[in-house]
Amino acid sequence: MNDQWTEVQAVAETWNPERILHWAFNTFHEDIALASAFGAEGVVLIDLAYRVRPDFRLFTLDTEFLFPETYDLMERVEKRYNIRVERVYSELTPEEQDQLHGPALWSRNPDHCCSLRKIEPLRKKLAGLRAWATAIRRDQTAARAGARKIEWDKKFHLLKINPLADWTYDRVWQYIRKHDLPYNPLHDRHYPSIGCTHCTRAIKPGEDPRAGRWSSFQKTECGLHERDQQPPSPLVTIAPRPEWKET
């Protein structure tokens, strides 16, 4: 791994989210966008990004199977921050998917459904960017436990920024309450993790927060956040930045 890349990745582990976003926006300008599924972490990241650069780019993977509450939250976020959420869609409509792969693909092969409606649309979206930012946290799943705040995304071949990687569930909700952020009301109905209607249920007392996702399968990830790193090219540089205090 190149020394310069190792340096920026290592030092970023000491940065708070605002400083990471400031560095990312000033390094990649219009070639970076935030991806959000509008979970609790997502609205926190949106708020932080807005405080750093109000005209940031934001997109979501609209599978066309999302909860009405999720679509409503998107509209509330757009109004609150005066921004546009870009909806990224699969090449197949739900009807076309049924015709090609049979009805209710998610109930038979959820990995294939996620690939068609999330992974491939994301791949095409990221092909036009140099970096993307996500709201994943290390304590969400085993697959995310090793996430760095800045890392090379080998799956999609660009830099991946995870400003909230070291945040906890409690810290996320403290921020939401402190700043009175809009959030999905399903969270108040025992949905700690929210995806598509067909593959998400409320969890029961004592269950893992991800137990409501694809609960009939041994699956906890849609495949977007698999970690397999290598250094990026061309190299990014570190410029002096002012100290940032968490708001």
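A quick note: this is a predicted structure, and the numbers were derived from the prediction, not measured. Counting begins at 1 with the first residue of the sequence.
Between Arg84 and Glu78 no salt bridge is recorded (no basic side-chain N to carboxylate O distance below 4.0 Å). Ion pairing between Arg201 and Glu207 holds under the 4.0 Å rule for side-chain N and carboxylate O. In this structure, Arg51 does not pair ionically with Glu18, as no charged nitrogen and carboxylate oxygen lie closer than 4.0 Å. Using a cut-off of 4.0 Å between Lys/Arg side-chain N and Asp/Glu carboxylate O, Lys149 and Asp166 are scored as salt-bridged. Note on Arg57 versus Glu30: no salt bridge recorded, every NZ/NE/NH1/NH2 to OD/OE distance being 4.0 Å or above.
Pairing each heavy atom of Leu45 with each of Pro163, the nearest pair is CD1-CG, 3.8 Å. Across all their heavy atoms, Pro182 and Arg80 have their closest contact at CD-NH1, 3.6 Å. Asn184 and Glu69 get closest at one heavy-atom pair: OD1-CB, 3.3 Å. In this structure, Leu92 and Glu96 approach most closely via the heavy-atom pair CA-OE1, 3.5 Å. When all heavy atoms of Leu66 and Cys196 are compared, the pair lying nearest together is CD2-SG, 4.3 Å. The two residues Ile136 and Ala147 make their nearest non-hydrogen contact at CD1-CB, 4.0 Å.
Between atom CG of residue Asn162 and atom CD of residue Glu151 there is a gap of 5.0 Å, rounded to the nearest 0.5 Å. The distance from atom CG of Leu164 to atom CG of Leu48, rounded to the nearest 0.5 Å, is 6.5 Å. Atom OH of Tyr169 sits about 9.0 Å away from atom CZ of Arg137, to the nearest 0.5 Å. Expressed to the nearest 0.5 Å, how far CG of Leu21 lies from CZ of Arg53 amounts to 10.0 Å. Between the CD atom in Gln97 and the OG atom in Ser90 there is a gap of 6.5 Å [rounded to 0.5 Å]. Taking CD1 of Ile161 as the start and CD1 of Ile150 as the end, the distance is 4.5 Å to the nearest 0.5 Å.
Proximity of a side-chain donor or acceptor of His157 to a complementary backbone N or O of Lys154 within less than 3.5 Å is detected. Arg138 places no side-chain N or O within donor-acceptor distance of the main-chain N or O of Arg144, the cut-off being under 3.5 Å. Looking at Asp72, its side chain never comes within 3.5 Å of a backbone N or O of Pro68 through a donor-acceptor pair. The backbone N or O of Thr197 sits nowhere less than 3.5 Å from a side-chain atom of Thr200 that would complete a donor-acceptor pair. Side chain of Arg117 to backbone of Ser115: no donor-acceptor contact under 3.5 angstrom is found.
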I'd like a table of donor-acceptor pairs (distance under 3.5 Å, sequence neighbours excluded) in which one partner is a side-chain atom from residues 31-39, with atom names and distances.
from: Ser36; atom 1: OG; to: Phe38; atom 2: N; distance (Å): 3.0

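Residue Met74 is grouped with residue Leu181 when hydrophobic side chains (ILVMFWY) are merged at heavy-atom distances under 4.5 angstrom, including chains of intermediate members. Both Tyr71 and Val43 belong to a single network of hydrophobic side chains, linked directly or stepwise wherever heavy atoms of I, L, V, M, F, W or Y lie under 4.5 Å apart. Residues Phe59 and Leu116 do not share a hydrophobic cluster, defined by chaining ILVMFWY side chains whose heavy atoms lie under 4.5 Å apart.
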(message) Determine whether Trp132 and Asp153 satisfy the following criterion, side chain to side chain donor-acceptor pair (under 3.5 Å), listing intermediate values before the conclusion.
(response) CA-CA 9 Å; Trp132 67 308; Asp153 190 332; 3.1 Å; yes
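Proximity of Trp23 to Arg19: side-chain heavy atoms (C-beta onward) are nowhere separated by under 4.5 Å. Contact of the Leu126 side chain with the Leu129 side chain is registered, since non-hydrogen atoms from C-beta on lie closer than 4.5 Å. When side chains are defined from C-beta on, Gln140 counts as touching Glu41, because their heavy atoms get closer than 4.5 Å. Side-chain contact between Arg123 and Ile119: present, with at least one pair of heavy atoms (C-beta onward) separated by less than 4.5 Å.
Between Phe25 and His29, the gap from one ring centroid to the other reaches at least 6.0 Å. A distance below 6.0 Å separates the ring centres of Trp173 and His187.
Heavy-atom contacts from other residues, nucleotides or ligands closer than 6.0 Å to CG of Asn82 number 12 or fewer.
Other residues sharing the hydrophobic cluster of Ile194, ordered by chain and number and joined by side-chain separations under 4.5 Å: Phe67, Leu186, Tyr191.
Because its NZ or CZ atom is not both nearer than 6.0 Å to the ring centre of Phe28 and within 45° of the ring axis, Arg130 does not count as a cation-pi partner of that residue.
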